[in-house]
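To start, the structure under review is shown below, and the notes come after it.
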Amino acid sequence: MATPIVLNVTNGPVSVGCISLIGVSSSSSLLIGDTESITLYSYFDTPPEAVIIGSLAPLPALPEEKLE
Amino acid sequence: MTLQCRNANVGWLFVNTVSSAGIVQLGDGEGTTQKSKALAVQSAIPTHEADEFKFAAYPLYYLPKLSLKPCVPVTFRSRSPWPTIQIGSIRTLGVSSSSLLRIGCSGPVEGENRIKDFRQFNNLNIR
């Protein structure tokens, strides 16, 4: 029998200025505070016939780097 | 497992949409269990067979969940000398598909989300 682990946690101050995000989706979580355990599952299945035919969105041109 | 919970001060919170087993929780709680299933179909011609849109028709929806075996027993204690969580502002458009936005302390968090996606085209020019 493995010796048990003792985990003592002392929380420091938590001070958050501003959080701005587009979305929290597909079994995810945004937690501010304490929690015991987190168990999250996300299954996503796109079969081969669900092929999206189209050109990939062209990436914007990289800014010119200044040569020192 | 002992958790010392704290107060939470939130200055400003904006959430546009909470959907599909999403939770926005302000403050402490026991724990959350969330489940959501989706079958997304986009087809150029509506040709549907009998049970094409039943969750039971696809193994994705009943695959067993893998879980970690606890290897070593852990005694966990947390202390919070600073009793307050300070938050200025939070802005998000969506909390969706078994997701959780929580400010505060809580028990176990469990979330499960299963999505199957179909796009059937019969002509290369149709997107």
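FYI, side chains are in, hydrogens and waters are out, and symmetry mates aren't considered; it's all heavy atoms of this structure. Lettering follows sequence order; numbering is per chain, from 1.
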> Does the pair B/L100 and A/L31 meet the rule for a side chain to side chain contact (heavy atoms under 4.5 Å, CB included), with working shown?
Replying inline: CA-CA 8 Å; B/L100 169 66; A/L31 307 175; 3.7 Å; yes
>> If you apply the rule side chain to side chain contact (heavy atoms under 4.5 Å, CB included), what do you find for B/W82 with A/N11, and how did you get there?
In response: CA-CA 7 Å; B/W82 285 270; A/N11 289 316; over 6 Å; no
> Where do B/K65 and A/T39 land on the side chain to side chain contact (heavy atoms under 4.5 Å, CB included) test, with the steps shown first?
Replying inline: CA-CA 10 Å; B/K65 290 191 289 193; A/T39 314; over 6 Å; no
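Atom CD1 of A/I22 and atom CG of B/N16 lie 12.0 Å apart (nearest 0.5 Å). The CG atom of A/L7 sits 9.5 Å away from atom CZ of B/R77, with the distance rounded to the nearest 0.5 Å. In this structure, A/N8 CG and B/T75 OG1 are separated by 8.0 Å, a value rounded to the nearest 0.5 Å. Distance OH/A/Y41 to NZ/B/K35: 10.5 Å, rounded to 0.5 Å. One finds the OG atom of A/S15 at 9.0 Å from the CD1 atom of B/I87 (value rounded to the nearest 0.5 Å). To the nearest 0.5 Å, atom CZ of residue B/R91 and atom CG of residue A/L21 are 10.0 Å apart.
Residues B/V18 and A/I19 fall within the same hydrophobic cluster, defined by Ile, Leu, Val, Met, Phe, Trp and Tyr side chains chained together at heavy-atom separations under 4.5 Å. The cluster map of Ile, Leu, Val, Met, Phe, Trp and Tyr, joined by side-chain heavy atoms under 4.5 Å apart, puts B/I103 and B/V109 in different clusters. Grouping the Ile, Leu, Val, Met, Phe, Trp and Tyr side chains by contacts below 4.5 angstrom, directly or via other members, places A/V9 apart from A/V14. With hydrophobic clusters built from ILVMFWY side chains whose heavy atoms lie under 4.5 angstrom apart, B/I115 does not share a cluster with A/L40. In terms of hydrophobic clustering, with Ile, Leu, Val, Met, Phe, Trp and Tyr side chains grouped at heavy-atom distances under 4.5 Å, A/V16 and B/L26 are assigned to a common cluster.
In terms of heavy-atom proximity, A/Y43 sits nearest to B/P64 at OH-O, 3.4 Å. Of all the heavy atoms in A/S27 and B/S99, the pair that sits closest is N-OG, 3.6 Å.
The residue among B/L66, B/L63, B/T84, B/T17 with the most heavy atom pairs within less than 4.5 Å of chain A is B/L66. Chain B forms the most heavy-atom pairs under 4.5 Å with one residue out of A/S42, A/S28, A/G33, and that residue is A/S28. No other option in B/D28, B/L60, B/I85, B/I23 has as many heavy-atom pairs under 4.5 Å with chain A as B/I85. Per-residue heavy-atom pair counts under 4.5 Å with chain B were compared for A/S29, A/C18, A/P13, and the maximum is reached by A/P13. Options B/V15, B/T32, B/V95 differ in how many heavy-atom pairs under 4.5 Å they form with chain A, and the most are formed by B/V95.
With a 4.5 Å cut-off on non-hydrogen atoms, B/Q34 does not touch chain A at all. B/S67 touches chain A through backbone and side chain together, each having a heavy atom under 4.5 Å away.
A donor-acceptor pair under 3.5 Å is formed between the side chain of A/T35 and the backbone N or O of B/G107. Distance alone, capped at 3.5 Å, places no donor-acceptor pair between the A/S20 side chain and the B/T92 backbone.
Considering B/L101, B/I90, B/V10 as possible partners of A/I32, the one that fulfils the side chain to side chain contact (heavy atoms under 4.5 Å, CB included) test is B/I90.
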